[in-house]
2 protein chains.
Amino acid sequence: MRQQNTMQQKTQLNKPRQKKVLDLHSVKVACKECSLHQLCLPRSIVGADLEKLDSIIERKRPLKRNEHLFQVGSAFNSIYVVRSGSLKTYSPTVDGQEQVTGFHLPGELLGLDAIGKGKHPCAAKALETTSVCEVPFEHLEGLTQELPTLQHQLLRLMSKEIFDDQELMLLLGKKTAEARLSAFLLSISLRFKQRGFSSTEFYLSMSRNDIANYLGLAVETVSRMFTRFQEDGLIKAERKHIVIKNREMMKKISGMNECCDETDDAESQLFV
Amino acid sequence: MRQQNTMQQKTQLNKPRQKKVLDLHSVKVACKECSLHQLCLPRSIVGADLEKLDSIIERKRPLKRNEHLFQVGSAFNSIYVVRSGSLKTYSPTVDGQEQVTGFHLPGELLGLDAIGKGKHPCAAKALETTSVCEVPFEHLEGLTQELPTLQHQLLRLMSKEIFDDQELMLLLGKKTAEARLSAFLLSISLRFKQRGFSSTEFYLSMSRNDIANYLGLAVETVSRMFTRFQEDGLIKAERKHIVIKNREMMKKISGMNECCDETDDAESQLFV
DNA sequence: CTAAACAATTGATAAATGTCAATTCTATAC
DNA sequence: GTATAGAATTGACATTTATCAATTGTTTAG
């Protein structure tokens, strides 16, 4: 067995049993002690400000696989930060199918798309055991009035979200199946890296079906692409366990801009 | 000749020569007198607050067709509101092509995707003679500290942008060529309607090439779809002049959710 | 541990879309 | 007004991807 960290495991490793241990019943770990602290908090927020921020954040019991964080059309009250595990967001389509709109890894946000209309345009479902921080939006908005840095941070994060969505549109709009899957894997890889996980070896928590749905392809096509990538020595794929073997070639195939590259530095992921 | 209002003409019509006329050299019309006033300003901003807001907004000379508002990679200083005319935004791709990421009609915003990194990830080019309001972001951010309503408005608008992008991703990800084009036309139609233009008859300021590029299709496919839609009595298309003849059928073809429907009320378009 | 449900893969075929090429239409420059 | 370049349309053909069907592998519930 080689070393195979799921998002779950990594989070656990980072926070070995200390004073307060993450347990399924009472999750009450202050922001200061959270394993995602460095990723999650704006650097500039410290001391008393940090206390303020911490005081508004609610920690919910972890979600089990397939449990919903919120449903389509439900009232928007909070935004969420993934602490460990992962979720997918999806919308219902006219024909009763679901359409996957995104995957959310540790340190990433959910719910920003709901601010405008005051209700969630999509549902969020856990892909594995997952814990999130809940940030009541009214409180957050109030706090931003006191803390200009926080406001700036929030605007930056929303802007990043817009930017990322547009990146993805580039992908979905134009490319072939192999370009899409390649770019998808690189995107996941980069996001893992930004959170301190391995960028060359990781577990995909989502099914082939979810990936296909997300990329606008048939499951069979995705499966065939995985096979082909493997034959071509680009990756090693054993079900959900993925090893990136030839990143450069994958970049070429995906037709990615440089901007989607590792040039992204830590700054862009900070939050609340 | 039937009545054919371009975005240009409509804007002119709404603001017949008054005290201050829009001329190509010195555009200095205060927000209060702007034809987009009702669309553009949060209702709640009045009196002294309006003056403040107005004071930070700069008005540039109109752009001619094919002129750039900003280039890829240029420093982010301001966000922009389209007053009349229209623009497209696009990114360069690896193979030197451009990839169209969006079209921007009167009352709509540009530049929100640049806040995060401090530089524009895409370029913006005028599709016709176009005038915009420039809102220096630092000033705006400062103002939001004084005016909570404005802050709320800004967050809502950014959220809407995220929401809209995800709508589009749904489209690009999954659908057939006819679904894409149909949804595209309905989207344009709805946006015209929200700005007070006709939703059944309008001019497309962008070329078939731009549309195809945007939708991730070949020009030829788009052209054939236009032809087929016409044969099927869905639309009447004479080059850029479009008449929607069977909106219901088009909705069905596009596989759109109800949420993209006319249910969108005026609230969602207000801005700065 | 076993059965049953589900997920993933693979093959054969059909349908959709892209590519190449030719033609017509439109706008622009002189 | 005419010439020219660009945009849009149309047809023939090649390629990609979806669909249908069968098989294998994996997880879950009892």
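Source: prediction; values computed, not measured. Reminder, nothing fancy here: chain letters follow the sequence lines and each chain counts from 1.
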Atom-to-atom span, [atom1] of [X] to [atom2] of [N] - whole angstrom:
{"X": "B:Leu215", "N": "C:dG18", "atom1": "CG", "atom2": "P", "answer": "11 Å"}
{"X": "A:Gln230", "N": "C:dA8", "atom1": "CD", "atom2": "C1'", "answer": "13 Å"}
{"X": "A:Glu178", "N": "D:dA18", "atom1": "CD", "atom2": "P", "answer": "13 Å"}
{"X": "A:Asn66", "N": "C:dC6", "atom1": "CG", "atom2": "P", "answer": "12 Å"}
{"X": "B:Leu181", "N": "C:dT17", "atom1": "CG", "atom2": "C1'", "answer": "14 Å"}
{"X": "A:Arg180", "N": "D:dT17", "atom1": "CZ", "atom2": "C1'", "answer": "10 Å"}
{"X": "B:Ile253", "N": "C:dA16", "atom1": "CD1", "atom2": "P", "answer": "13 Å"}

Completion exercise
Looking only at C:dA8, C:dG18, D:dC20, the nucleotide nearest the A:Lys240 side chain is C:dA8
Exercise for the section: Please work out if A:Arg224 contacts a base, only the sugar-phosphate, or nothing of the nucleic acid, heavy-atom cut-off 4.0 Å. Expected result: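 If one applies the 4.0 Å heavy-atom cut-off, A:Arg224 turns out to touch a base.
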Exercise for the section: Scan B:Ser223 against the nucleic acid and name what it touches under 4.0 Å (heavy atoms): base, sugar-phosphate only, or nothing. Expected result: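 B:Ser223: base contact, heavy atoms under 4.0 Å.
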Exercise for the section: Please round to the nearest 0.5 Å and tell me the distance separating atom OH of B:Tyr90 and atom CG of A:Leu170. Expected result: 13.5 Å
Exercise for the section: Select from B:Glu220 and B:Met225 the residue whose nearest nucleotide in DNA chain C is closer to the 5' end of that strand. Expected result: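 It is B:Met225, whose closest nucleotide lies nearer the 5' terminus.
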Exercise for the section: Give me the ring orientation class for A:Phe192 and A:Phe197: parallel if the planes are under 30° apart, tilted from 30 to 60°, perpendicular past 60°. Expected result: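 Perpendicular: the ring planes of A:Phe192 and A:Phe197 meet at over 60°.
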Problem - Donor-acceptor pair, side chain of B:Arg208 and main chain of B:Arg239, under 3.5 angstrom - result: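 The answer is yes, because a donor-acceptor pair under 3.5 Å joins these two groups.
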